[in-house]
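These notes concern the structure reproduced below.
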Amino acid sequence: YFSLDTPPTLESILNEPEDEDEPFILEDTCLLNTENIDAHSCETSSLASSDSGDLETNATVHGSVLRRNVLKGISAQIVSAADKVDAGLPTAVTVSNVIAVGTSHGLALVFGKHNQALRLCLGTTATGAEYGAVSALSINHDCTRLLCGFAKGQITMWDLANGKLLRTITDAHPPGTAILHVKFTDHPALAVCNDSGGSVFELSFRRVMGMRTCESRCLFSGSKGEVCCVEPLHAGPELKDHPITHYSLLAMASLTKILLIGLKPSLKVWMTFPYGKTDPASVPLLAWQFVAVQKTINPVLAFCRGDTIHFLLVKKDESGIIHVIKQRQLLLNCDLISLSWINPRTLVLMDSTEKLRVVDRPSQEELETVDMAELQLVYNSSHFKSLATGGNVSQALALVGEKTCYQSVCSYAGQIMYLGTKSVHIMTLRNWRERVDYLLKQEKFMEALSLAWSLHEGTAKAVLGLFADPAKRKGVVADKMVEILLQYVDRSLKKCPEQGKIQVMEQHFQDMVPVMVDYCLLLQRTDLLFNQIYPRLVENSVARGVFLESLEPYILSERIGCLTAAVMRDLLSYFQENGMMDSVEGCLVHMDITNLDIQQVVQMCWDNQLYDAMIYVFNSGMNDYISPMEHVVMGNKLLVYISCCLAGRAYPLGDIPEDLVPQVKNQVFEFLIRLHSVEAAQEEEVYPYIRTLLHFDTREFLNVLALTFEDFKNDKQALEYQQRIVDILLKIMVDNSDFTPSQVGCLFTFLARQLAKPDNTLFVNRKLFDQVLEFLCSPDDDSRHTERQQVLLELLQVGGVVQFDEERLLELAEKAEFYQICEFMYDKKHLYNKIVDCYLKDPLRKEELFNYIHNILSMPGYSSEEKQLVWVKALQHIKDLVSINSAKTAELVAVHFADEVQSIITSLQVCSIVFFFCNSFREGLNPQTVLRLGPDLHELLVDLLCQFSPQQVTAFLKTSQDYRLEEAIQITEKHKLHEATAYLLEKKGNVQGAFEVLLQEEETGDEVQSLLRRVEEALHDIIALCQRSSHGLNQQQREVFSPDCFSLSSALKELTMKVLNSMSSFIAPPAIIQRILQDPVYGKGKLAELQGLILGMLETFNYEQTLLETTTNLLNSDLHWSLSHLRKAVSRGLHPRQYHCNICLQQYKRRQESEEEIIIFSCGHLYHCQCLQRKEVGVLSERQYSWSCYKCTSNQGSRPADRPSAESSRSRSTSLAQVKKLSIWSWYMMQMWTFVMHIRNKSSCLATLDAQQTQAWDHFRTLYRGPSRVRLTFKSFLSILTVLKC
């Protein structure tokens, strides 16, 4: 037994929230076929975000959404009928107020919906043998008629009241095709049917003179594409007056597209929508549903083929035009075979693996998956293949039919029925209580609470049976959640392990207690938490401890602000017993303590030094803001506390009540200016509180006062406190040796800032500032010099300069060597040249002088007189600048003193200083600056380098070009720098002299054996000189340098080997060997001593010979490759784009007898040679024209003739290697080729070439594509035409 829920009313649909207020635009507007649609019949919305993604899994718990029932009575009778009366297996099902099941032997069994009793058995097995199996069923809207379609094409109509056969229709569609669908429309005398030929027919039922007739009209012919699914729009009784129902809309799904047509008042196609690319085996699916969008109810058509569901909103405007709007699509990762609406927001889908998927359409979230494999779903494959009529269907329709189950799934009034081979299953939505209780039965308390909370907040999906009013909904669900929580508490105590480690028990409750606390706070039911749940948990000591510990994070985050007295008492006791006093302090400052025992809490805080908590208790519990300063707070905490009190903020968090703020400020000021403390000793100094704070942190205390003074505007009493505090500060700190200069400076900096304010009301005696100045600038000792200067500088920068006599200030600053103070004052007076002296005198800032001079001389904002004074001052102290940093001095001179270089060098006098300056000047400047200085400076620098840095001389000579050779040679010879002298002689052209100088250095090295390394370096220099000079000498001159190289001792044989290997590249081997044999060292030795030298020479020769051969082969190969590709490019054939000249626009052949030359470019443009000559696009070079394409170069905006050479262009159209000159005979051949191509294309469409024709065609293509020009006789052309004839 089962019952159907009451269909939704119009009011309930309107009140149901809908997330799709804004439709989505089409992803691809070309998908809509407007060929059969009026211009205004299909529209899209303007929302840009139309992309739909895959279904995303949400963390929300949905529970079991579907309730699955097996109709046992009907299932048993279907099996019994198959066994006892040979009714056959079930093939189709439909449901209304009754349930009808068709069988494979042509019977239709009608059952009562409530009692599942068999009411009617329509048809006989005899007619079943004639008509075939029942392939489709449909009940009209008032449940009085039943249409049965059969596998052999017949249609019967039955009266459901008495089981009488009313009509047998055999000519409604072409014979030999099975009925796939037969469906009533909402019009009582109108139905549609769809056969296996893919055609759709309209059936009009009439009764004239007592005769029942049926007229058939073809709506869609299967020859245009088979339709395999039809779905008329059905409106329930509550929507019978909807304006769109008068059109009798019908959706049809073919194998390629969706069609939406209107049957009334006249047939009209409203929309076509192609699928796009889909799997040919996928099943097209359709389903209608009325949905409320923006408080207006309109039908939505869901359709899919494959894994993407599309939604079309259909609405009618005031003019009677139907508009179709594409909504957001739904992309799944499975192939669907069934699509049904179970309510306006929820879809139930079945994929090809027979799994049901419940999907919430607005959020596109999958709510549940149910496996239906045990159902053994009935498929309609045999009817789609039309096996009963011989299988005369298309392969595409037969392929789709493999997975079709249209007649096995039907929905009605929120229920979906599925037909199996031996049973009937029905799916309905569970109401919200069922869903929660279903989880509770499985003891999934956390999931049940999560689902209940989503129901409470209105975020749950597929909800049934819950109030629409938020207040009522929350009240009902909250009561259910309280019930669940109490069950959860009982279960947590019951399931607690009685034996085992204490950690296991603690973990058990740590998993459960926070869940209870969370949901009680979400429901705002702290009474439930503390009065019902906590008393139950107290029974278990472990649960009690876990509960109390779990309260801490909620208290700190201020989610719990007030505890009952019992819970608070237990909390403090538990934390104290377990040594968690930091947690106690953190909790106390976040709670309302008015219901606590203040005395007990204060004593506990005092015993455990919980000062923050004690302050909070005094402030919040007793409105006492002075006692914490007297008894509790010391150090930095006191500064923060005073700052909070004066700013109106509570300590450590929150704000002081507004009505108490003025009172608290006055109390704090009174506290600070007290002459003595409450329990003062006789030796106590006056103003102990201010004195203590100043000693602790002067700067921070003054900052607190400065922030407080910012809030004093028109409060007369507050201004009096301000003046009073300033007077006390001066009295305490001035003339008091207990305070450092930095502390005194902080005070006067604070005062200077206050006095500089435009609305200042403070009065400070100016003599005090003079006294401070004397104190800072005239100390008894030289200690804390930097600190004193920094304090005074800070005082001046905040406006304190107005309090001093400037002349006196400068005098004292110079005497105290406060050069930063002097700089500050000189800058104020624009005496920038005197600031240079300040930098020079200050040992800590000398390096900064260079940047300062550069900024003054180069940056705008300074007058020319000021810049000139600084320039002169810097020039006067140039020697000091060089001694500080010669490199930065050189950079400064190069930029600002370039014309004074000679005079600067003259003024430096000391050679070492001159060297450092000149060397830095050379290294730091760019080449252009050095060129302007003349040769004298460079020669001076060479001389200085020879004296102070001889190793840099040669490098300098190589990089510089502004010295005179003769003078430079004299300088290097004077200092006996042979390498530099040899370089200069070589540069002069005296190679022999350079060689002798280096050889002299080498011989000198031979005299002193300890300087062997120096000899080796000299030998390297000699070899390098020989190699550089050998290119300009003949063979005889090269040999001149070789003999003396062997006049070395036998200890230098390795060096000799290096010499020989280097000589072998420039001197013939016989000459080298002859020199070896003539040398006294080797001439008297044995052959073994010469073996190494000779073998080394031969190896060098073999290596160089191999290298030369390899390089030659690579060059030859590269040259061959380049020439080969160039030849191919030149000989490649070209094909023109048009058959006329692109200049004169005439045919290639203008006169029959003329032999005009035709030029074709690789870009496909063709011209007469004379036309190109008239346009001047050729360039004459070496008695030959180089042509360029006129059209391409014109498009580029310039004429080739204006360019230096056509060969310089790299463009495709002007490549000379791809230009062909064609005679008239070539033109004839081109025409023949075009004609042959035309015949070839035509032949490929009309006939297939045999082997002989294919061979001839390939031969012709080979001729055309060869490297030479195509030259065919007219006879051969005719033979080719004969071969290629159709």
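Side chains are part of it too, since the values below use all heavy atoms of this structure and drop only hydrogens, waters and symmetry mates. If you read the sequence from its start, that first residue is 1, and numbering goes on from there.
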Going by heavy atoms in the side chains, are [X] and [Y] under 4.5 Å from each other?
X: V98; Y: L160; answer: yes
X: L219; Y: L250; answer: yes
X: T185; Y: L249; answer: no
X: D351; Y: R357; answer: yes
X: L312; Y: L260; answer: no
X: L180; Y: N380; answer: no
X: V283; Y: L285; answer: yes
X: L439; Y: L451; answer: yes

Within the side chain of [X], is there an N or O that forms a donor-acceptor pair under 3.5 Å with the backbone of [Y]?
X: S135; Y: I179; answer: yes
X: S199; Y: G222; answer: yes
X: S408; Y: V378; answer: yes
X: S75; Y: L71; answer: yes
X: W288; Y: E231; answer: yes
X: N194; Y: V227; answer: yes
X: R435; Y: H62; answer: yes
X: S104; Y: L89; answer: yes
X: W341; Y: A287; answer: yes
X: T404; Y: Y406; answer: no

- Task: Just do the side chain to side chain contact (heavy atoms under 4.5 Å, CB included) check on C193 and L203 with the steps written out, would you?
- Result: CA-CA 7 Å; C193 71; L203 305 178; 4.3 Å; yes

- Ring centroid separation H242 to F290 under 6.0 Å: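 Ring centres of F290 and H242 closer than 6.0 Å.
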
- Item | Ring centres under 6.0 angstrom apart (H310, F273) |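 For H310 and F273, the ring centres are under 6.0 Å apart.
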
Do you know the tightest heavy-atom contact between [X] and [Y]?
X: A398; Y: V393; value: CB-CG2, 4.2 Å
X: N140; Y: S96; value: O-OG, 4.4 Å
X: V65; Y: A462; value: CG1-CB, 3.7 Å
X: S411; Y: I416; value: CB-CG1, 4.0 Å
X: V409; Y: S338; value: CG1-OG, 3.5 Å
X: S138; Y: V182; value: CB-O, 3.0 Å

- Could you check Y131 against Q154 for side chain to side chain contact (heavy atoms under 4.5 Å, CB included), going step by step and ending with a plain yes or no? CA-CA 6 Å; Y131 294 166; Q154 292 84 356; 3.4 Å; yes

- Starting from the C-alpha separation in whole Å, work towards a yes-or-no answer on side chain to side chain contact (heavy atoms under 4.5 Å, CB included) for I325 and K315. CA-CA 8 Å; I325 303 174; K315 64 179 182 179; 3.5 Å; yes

Rounded to the nearest 0.5 Å, what separation is found between the [atom1] atom of [X] and the [atom2] atom of [Y]?
X: R430; Y: L66; atom1: CZ; atom2: CG; result: 8.0 Å
X: I139; Y: Y412; atom1: CD1; atom2: OH; result: 9.0 Å
X: E238; Y: K240; atom1: CD; atom2: NZ; result: 10.5 Å
X: S196; Y: K385; atom1: OG; atom2: NZ; result: 13.0 Å
X: L387; Y: S382; atom1: CG; atom2: OG; result: 5.5 Å
X: C410; Y: L419; atom1: SG; atom2: CG; result: 8.5 Å

Can you list the residues that meet the side-chain hydrogen bond (donor to acceptor under 3.5 Å, both in side chains) rule with [X], with sequence neighbours excluded?
X: E368; result: S64
X: Q376; result: T421
X: T177; result: H173, D195

Regarding [X] and [Y], is there a side-chain donor-to-acceptor distance under 3.5 Å anywhere?
X: Q407; Y: H383; value: no
X: R305; Y: S282; value: no
X: H141; Y: D186; value: no
X: S254; Y: E226; value: no

- Test log, rule salt bridge (charged side-chain N to carboxylate O under 4.0 Å, His left out), inputs E374 and R68: CA-CA 13 Å; E374 65 178 75; R68 178 178 180 178; 3.8 Å; yes

- Message: Set out, in order, the CA-CA distance, both residues' side-chain angles and the distance that settles side chain to side chain donor-acceptor pair (under 3.5 Å) for S248 and H246, then state yes or no.
- Response: CA-CA 6 Å; S248 293; H246 306 301; over 6 Å; no

- I155 vs L147, side chain to side chain contact (heavy atoms under 4.5 Å, CB included): CA-CA, chis, key distance, verdict: CA-CA 7 Å; I155 300 174; L147 280 176; 4.1 Å; yes

- Message: Using a 6.0 Å distance limit plus a 45 degree cone around the ring axis, check whether R145 lies over the aromatic ring of F184.
- Response: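 The answer is no; the distance or angle limit is not met.
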
- Item | Ring-face cation contact, F311 with R361, 6.0 Å cut, 45° max |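 So R361 does make the cation-pi contact.
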
- Name all residues meeting the salt bridge (charged side-chain N to carboxylate O under 4.0 Å, His left out) criterion together with R473; count only those two or more places apart in sequence or in a different chain, and write none if there are none.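 By the salt bridge (charged side-chain N to carboxylate O under 4.0 Å, His left out) rule, R473 matches no residue at all.
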
- Task: With sequence neighbours excluded, tell me which residues meet salt bridge (charged side-chain N to carboxylate O under 4.0 Å, His left out) with R433.
- Result: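 Once residues adjacent in sequence are excluded, R433 has no partner under the salt bridge (charged side-chain N to carboxylate O under 4.0 Å, His left out) criterion.
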
- Task: Check the surroundings of atom NZ in K316: do more than 12 heavy atoms from other residues, nucleotides or ligands lie under 6.0 Å from it?
- Result: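 Counting neighbours around NZ of K316, more than 12 heavy atoms of other residues, nucleotides or ligands fall under 6.0 Å, so yes.
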
- Query: Under the salt bridge (charged side-chain N to carboxylate O under 4.0 Å, His left out) rule, what pairs show up with a residue in residues 403-418, not counting sequence neighbours?
  - Reply: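 Salt bridge (charged side-chain N to carboxylate O under 4.0 Å, His left out) check on residues 403-418 returns D335-K403.
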
